[in-house]
> 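Sending over a structure as structure tokens; questions will come in a sec.
Note that the structure is predicted; figures quoted are calculated from it, not measured. Chain naming here is simple, since letters A, B, ... match the order of the sequence lines and numbering starts at 1 in each.
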Amino acid sequence: MTHDGTISRPEIERPESVYFFGTCLVDLFYPEAGMAGMELLKRQGVRVVFPQGQSCCGQPAYNSGYREEALKVARAQLDYFPGDWPIVVPSGSCAGMMSKHWPDLFKGEPDEARARQVASRVWELTQFLVQVLKVKFEDQGPPVKITWHASCHAQREMGVTDEPKALLRQLANVELVELQREKECCGFGGTFAVRHPEISAAMVGDKVADIENTGAKAVVSGDCGCLMNISGALEGGKKPVRGVHIAQFLKERTHG
Amino acid sequence: MGETSINFAKASSAALQDQQLRGNFRRAMDGLMSKRAVQFADTAEWNGVRTLGASVRLRALSKLPELLEKLEANCTKNGIQVHWASTIDEANAIVLSIMQRVNAKLVVKGKSMVSEEMHLNAFLEKHGIESLESDLGEYIVQLDEAMPSHIIMPAIHMNTKQIAHLFKQKIKEAEYTEDVAQLTDLARRVLRKKFATADVGISGVNMAVAETGTLCLVENEGNGRMSTTVPPVHIAVMGLEKVVEKLEDVPPVISLLTRSATAQPITTYVNMISSPRKEGEKDGPNEIHLVILDNGRSGIYADEELRNTLRCIRCGACMNHCPVYTKVGGHAYQAPYPGPIGSILMPQVEGLEKRGELPHACTMCNACVEICPVKIPIVEIMGRLRSEAVHPGDAVRGAGSHASKAEAMVWKGWSMTYASPLAYQFATALLAKLGNAAPTSLPLLKEWTNVRAKPRFANRTLHALAREKGIPDV
């Protein structure tokens, strides 16, 4: 791992089974995105296991400065992902927490080696679809213009930049218009949005203006934190643009 | 400014209301970002020079005490008088004693962030010495009786019109004009007279070379050269981290600095100051003093992780690329160093009790980390400081000072629920059933819904859906 924000991923063989880590936001607010993610994996002939004991990667507490509390929750996850199967996460932010920050969080703890082993098997969903499963999608939906919002942690912690757009470009009837400030944070930042609501509002305001300028009908993203913030602002401002998780969008377009 | 008045949330709220200010910053930062991108368009070159720059700074820090001793010895050999200050009060006293010895009444200054950190102008004024900023941006800010809002471009928050009004109001001979060339010319005329009559010149230091005892100074306007050569006495002030080992360490760092800061391959002037005027030489000051300031830095140095903060070469790229800074501007931070680097440096220098808010002025988007030319893990240090703010400890002054019992209880409750599958499933099932009934008047929800629709809990959690669809559990 480097400090300039990306982790290097070793190439792996297509596995028979994978674990799915749903994330707490998906669990409560966007379960259909989680189901769509698992469906996309299953369609590639991969067996998907969803451990019912899982809850959260610990990021909210970790980012707020409560590392002991984060460690307690992260530690509770370790038991549910034994063995060697990859762990696929429909969120760059949670994947980044697990693969990049868990090794630090567990540093010096008796289960450090185990945490590192689990961390090394974590993949962001689109990264896994492209790099490991090498999926090819056939678009079955009507023509639509969309745009893509890149989550900060997906791009800068997990190194996921091209994969989601490559997947969207496989869809023949989907026109992808890039945002002028694609890489700029939407202002969610976990507790930042409630700690500094005014700055967060200004940030998401810029993001919404950028989205509107593209003329897209939908903004697609791979992270539910960003989606909650951006689609909340779109809806609050009565803008006719829908926010949708990439797993759900891909499933909708290819389901037939 | 009293200590209690440092309130980032309040100051940023005021900044957000100021549409002119927001426009000025958005435009300026967009411009800087795109110009910088052109300078580092070649990814391989960027990776190479960045790795080199980071390694120069790391090597220097790894033997900092030794290099500082070497710097002192070589500067002394060159005739530069070296002074050590552990606090800003000591540094100010050293500067004052030099001034008083030469009976100085007027000082001209090149740009120096350390002197901002020392509040040197106000201090000198209190002792009857006029201190004039000669960098155009600093001069504008000084006329406006404000603080710099950016470490490279101190007056970036103002547009031409605002500067035109300020000049008309504050400079006697000024005619109102919005012509940039005429405004610059006016400032130049005022400053030239002062350069010629100043008793002392003060400057900062971009880098000090240990093996040769050389002070490096980059600048574009020539004011740095004037301030350091025309007055008979030159005082340079620097933070103790600014030392590099060898002369050959200078070019890569300067290249990274100027390209990251203003997207220039090199600045108009690069000053290498190695001694006062020697016998037979026609110009240069008779005395050069170097004041090396600690002000909490040795404490930062002592901690291996926090030490990385001291790698900073003060290019300001992290500010230019920070989405929070771009929205609120530098004054909201009420600190000599704003933006991401300020948010980690200020709490370490001045203590978390005073600056504990700053590590939270960040969404942890990592844009600063991506752009930092010397690879400072800013966001990691930000996280560390957040943790220190709520836990008593001794690494950073004021650790534990932001601990709130209520917040600690919330996270304790959260961790108990989320670490137990049974409690988690019970809580989430309950939220799925009843969560949407929460009124938007609830504290956190209220702030959220000011501009956003209320988030809607799904009727069934992913756990429940996965069970229903028979997705295997193990």
Side-chain angles (χ1 to χ4, degrees), chain A residues 3-5 22 24 26-32 34-35 38 47-53 55-56 60-67 69-70 72-73 75-76 152-153 156-157 183-185 187-190 192-199 201-205 228-229 231-233 235-237, chain B residues 9 12-13 16 22 50 323-324 327-328 360-367 369-370 375 377 380 383 386-391 408 411-412 414-415 418-421 424-425 428 431-432 435 444 447-458 460-463 465-467 469 471-474:
Chain A
H3 273 152
D4 43 359
C24 59
V26 171
D27 196 27
L28 277 169
F29 295 98
Y30 297 91
E32 67 283 12
M35 292 305 288
M38 290 193 269
R47 180 172 169 264
V48 179
V49 174
F50 181 88
Q52 286 283 335
S55 64
C56 170
Y62 182 77
N63 280 356
S64 301
Y66 290 85
R67 295 190 173 184
E69 287 75 6
K72 192 172 168 193
V73 170
R75 177 172 283 142
C152 296
H153 291 168
R156 301 200 184 95
E157 288 188 347
K183 294 180 84 179
E184 189 167 294
C185 178
F188 178 65
F192 180 85
V194 286
R195 212 179 260 269
H196 290 295
E198 290 179 80
I199 307 174
M203 290 169 76
V204 77
M228 187 181 267
N229 187 36
S231 47
E235 207 183 313
Chain B
S12 59
S13 172
L16 288 167
R22 277 183 68 180
R50 187 181 191 220
V324 175
K327 296 288 171 301
V328 301
H360 289 280
C362 166
T363 63
M364 301 195 143
C365 81
N366 280 286
V369 178
E370 184 177 62
K375 302 189 190 180
E380 267 171 46
R386 287 182 182 187
S387 158
E388 297 262 334
V390 294
H391 288 109
W411 288 116
K412 207 169 172 59
W414 171 87
S415 76
Y418 278 60
S420 146
Y424 177 76
Q425 298 239 19
T428 50
L431 281 170
L444 299 182
E447 274 94 49
W448 176 270
T449 50
N450 272 340
V451 293
R452 304 172 192 86
K454 195 168 122 179
R456 271 181 301 274
F457 289 94
R460 276 200 178 74
T461 64
L462 180 64
H463 280 72
L465 288 179
R467 270 197 308 274
K469 299 277 177 191
I471 293 176
D473 177 15
V474 283

> Between B:T428 and chain A, with a heavy-atom cut-off of 4.5 Å, which part of the residue counts as in contact: side chain, backbone, both or neither?
both
> Indicate whether any N or O donor in one side chain lies under 3.5 Å from an N or O acceptor in the other, for A:N63 and B:R386.
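There is no such pair between these side chains.
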> Between A:P60 and B:W414, is there a side-chain heavy-atom distance shorter than 4.5 Å?
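Counting from C-beta outward, B:W414 and A:P60 do come under 4.5 Å.
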> Find the one option among B:R456, B:K469, B:R22, B:E388 whose heavy-atom pairs under 4.5 Å with chain A are most numerous.
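So the answer, after comparing B:R456, B:K469, B:R22, B:E388, is B:R456.
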> Please find the pair of heavy atoms, one from A:A201 and one from B:V451, that lie closest to each other, and give the distance.
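Closest approach of A:A201 to B:V451, heavy atoms only: CB-CG2, 3.6 Å.
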> Looking at B:A408, B:A432, B:A389, which one has more heavy-atom pairs under 4.5 Å with chain A than the rest?
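Of B:A408, B:A432, B:A389, B:A408 has the most heavy-atom pairs under 4.5 Å with chain A.
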> Check whether A:R47 gets within reach of chain B through its side chain, its backbone, both or neither, counting any heavy atom under 4.5 Å.
side chain
> Taking every heavy-atom pair that is under 4.5 Å apart, which of B:R467, B:H391, B:K412 has the most such pairs with chain A?
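Most pairs with chain A among the choices: B:R467.
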> When heavy-atom pairs shorter than 4.5 Å are enumerated against chain B, which of A:S64, A:G205, A:G190 gives the highest number?
A:S64
> Can you tell which of B:S420, B:G435, B:G383 has the highest number of heavy-atom pairs within less than 4.5 Å of chain A?
B:G383
> Could you tell me whether the side chain of B:T363 and the main chain of A:G189 form a donor-acceptor pair under 3.5 Å?
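The answer is no, because no donor-acceptor pair under 3.5 Å joins these two groups.
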> Can you find a pair of side-chain heavy atoms, one from B:N366 and one from A:C152, that are under 4.5 Å apart?
no
> Dump the intermediate steps for side-chain contact (heavy atoms from CB on, under 4.5 Å) on A:E198 and B:N450, then the final yes or no.
CA-CA 9 Å; A:E198 290 179 80; B:N450 272 340; over 6 Å; no
> Return the minimal non-hydrogen interatomic distance between A:E184 and B:P323, and the atom names on each side.
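Scanning both residues, the minimum pair turns out to be CG-CB, 4.1 Å.
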> With a 4.5 Å limit on heavy-atom distance, are the side chains of B:E447 and A:H196 in contact?
no
> How long is the straight-line distance from SG of B:C365 back to CD of A:E157, given to the nearest 0.5 Å?
10.5 Å
> State, to 0.1 Å, how close A:A193 and B:R452 come at their nearest heavy-atom pair, and which atoms those are.
CB-NH2, 4.5 Å
> Charged N to carboxylate O below 4.0 Å: is that the case for B:K454 and A:E235?
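Result for this pair is no, no salt bridge flagged.
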> Most heavy-atom pairs under 4.5 angstrom with chain B, which of A:V194, A:V48, A:I199?
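The answer is A:I199.
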> Quick check on the interface: out of A:G53, A:G236, A:P197, A:P51, who has the most heavy-atom pairs with chain B under 4.5 Å?
A:P51
> Grab the two heavy atoms, one from B:W411 and one from A:E69, that are nearest each other, plus how far apart they are.
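Answer, listing the atom of B:W411 first, then A:E69: O-CG, 3.5 Å.
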> Is it true that B:E370 and A:K183 have a side-chain N and a carboxylate O under 4.0 angstrom from each other?
yes
> So, the side chain of B:Q425 versus the backbone of A:Q52: is there a donor-acceptor pair under 3.5 Å, distance only?
yes
> Quick check: closest heavy atoms across A:V73 and B:A419, and the distance to 0.1 Å?
CG2-N, 4.1 Å
> Search all heavy atoms of A:C56 against all heavy atoms of B:Y418 and return the closest pair with its distance.
CB-CD2, 3.3 Å
> Hey, does B:L462 have a side-chain heavy atom less than 4.5 Å from the side chain of A:Y30?
no
> Using a 4.5 Å cut-off on heavy atoms from C-beta on, say whether the side chain of A:L28 contacts that of B:L431.
yes
> Do A:D27 side-chain atoms and B:H463 backbone N/O form a donor-acceptor pair below 3.5 Å?
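Looks like yes, one N/O pair under 3.5 Å.
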> Please examine the side chains of A:Y62 and B:S387, heavy atoms only from C-beta on, and report whether any two atoms are closer than 4.5 Å.
no
> May I ask you to name which of A:E32, A:M228, A:R67, A:M38 has the most heavy-atom pairs under 4.5 Å with chain B?
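The option with the most such pairs is A:R67.
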> Looking at A:A76, A:G65, A:S231, which makes the most heavy-atom pairs under 4.5 Å with chain B?
A:G65
> Under a 4.5 Å cut-off applied to non-hydrogen side-chain atoms, are A:P31 and B:T461 in contact?
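Not in contact.
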> Examine whether an atom of B:L444 lies under 4.5 Å from a heavy atom of chain A, and if so say whether it belongs to the side chain, the backbone or both; otherwise answer neither.
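For B:L444, backbone and side chain are both near chain A.
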> Please tell me if the side chains of A:V49 and B:D473 come closer than 4.5 Å, counting only heavy atoms from C-beta onward.
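No, their side chains stay 4.5 Å or more apart.
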> In this structure, are over 12 heavy atoms from other groups packed under 6.0 Å from B:R460 atom CZ?
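No.
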> Name the member of A:F192, A:F188, A:Y66 that forms the most heavy-atom pairs with chain B at distances under 4.5 Å.
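So the answer, after comparing A:F192, A:F188, A:Y66, is A:Y66.
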